[in-house]
2 protein chains.
Amino acid sequence: MNAVDILGYVAGILVVISLLPQTIKSWKTKSTKDLSLKRYIIYITGLILWITYAIIIKNGPVAVMNSIGLILASSILYLKLRHG
Amino acid sequence: MNAVDILGYVAGILVVISLLPQTIKSWKTKSTKDLSLKRYIIYITGLILWITYAIIIKNGPVAVMNSIGLILASSILYLKLRHG
């Protein structure tokens with residue numbers, strides 16, 4: 001891994017950290033009423049396309065970081081579908 | 001622009017669309033009390049690093065889409081700093 005890749009991973013980690021509180025809050029409270037289902041479906045579709053794109057161009061940081069984002073967003077979507 | 005680039009841009013546009021409602025809501029209500037300042041600062045730092053990374057590896061979709069994300073997130077940060 002070179003310095004440029006590390007920069008990409010650091011960038012991704014910061015974005016993931018910024019998404020974590022919402023995920024933790026949703027899991028703790030099981031309350032996702034204020035979250036828009038439509039918004040999360042669009043977001044998750046976007047993340048899946050980013051991952052596909054990153055795999056095609058063989059870009060590690062974009063693939064790995066969007067995959068982590070996908071796991072977080074999917075876990076919120078799961079709560080939303082289960083608890084409304 | 002090739003088909004792979006287009007995939008990257010479509011991915012980015014979907015993620016940006018999913019962020020728009022929060023931005024529009026914040027601008028309409030001028031209320032950002034529920035948004036965490038710390039979260040936005042970490043998110044914006046992450047976006048700036050993604051843009052730097054994308055410029056270094058000369059990746060158009062990642063640079064352009066994170067720049068749009070940066071504009072949206074910065075406009076929310078501006079509201080947050082101005083209105084609390």
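Naming: A, B, ... by sequence-line order, numbering from 1 per chain. Quick caveat: nothing in here was measured; it's all calculated off a predicted structure. Side-chain atoms are counted along with the backbone in the values below, which use heavy atoms only and exclude waters and symmetry mates.
Of the two parts of A:S36, neither the backbone nor the side chain holds a non-hydrogen atom closer than 4.5 Å to a non-hydrogen atom of chain B. Contact of B:N59 with chain A is made through the side chain alone, with heavy-atom distances under 4.5 Å.
Residues B:L79 and B:L77 fall into different hydrophobic clusters, defined by Ile, Leu, Val, Met, Phe, Trp and Tyr side chains chained together at heavy-atom separations under 4.5 Å. Under the 4.5 Å side-chain heavy-atom criterion for ILVMFWY residues, a single connected hydrophobic cluster contains both B:I6 and A:V62. No path of Ile, Leu, Val, Met, Phe, Trp and Tyr side chains, each step under 4.5 Å between heavy atoms, connects B:I71 with B:W50, placing them in separate hydrophobic clusters. If you chain together hydrophobic residues whose side chains sit under 4.5 Å apart, A:W27 and A:L72 never meet in one group. Taking hydrophobic clusters as Ile, Leu, Val, Met, Phe, Trp and Tyr residues chained together by side-chain heavy-atom distances below 4.5 Å, B:L70 shares a cluster with B:I55.
Closest approach of B:L49 and A:A11 over heavy atoms only: CB-CB, 3.5 Å. Taking every heavy atom of both residues into account, B:Y53 and A:P61 meet most closely at OH-CG, 3.3 Å.
B:L14 contributes atom CG, which lies 12.0 Å from atom CD1 of A:I44 (distance to the nearest 0.5 angstrom). Note that the OH atom of B:Y43 and the CD1 atom of A:I17 stand 14.0 Å from one another [nearest 0.5 Å]. Here the CZ atom belonging to A:R39 is positioned 10.0 Å from the CG atom belonging to B:L20, to the nearest 0.5 angstrom. Taking CD1 from A:I57 and CD1 from B:I57, the interatomic distance works out to 6.0 Å, rounded to the nearest 0.5 Å. Between B:I13 atom CD1 and A:I42 atom CD1 the span is 12.5 Å, to the nearest 0.5 Å.
Residue-environment remark: NZ (B:K30) exceeds the threshold of 12 foreign heavy atoms within 6.0 Å.
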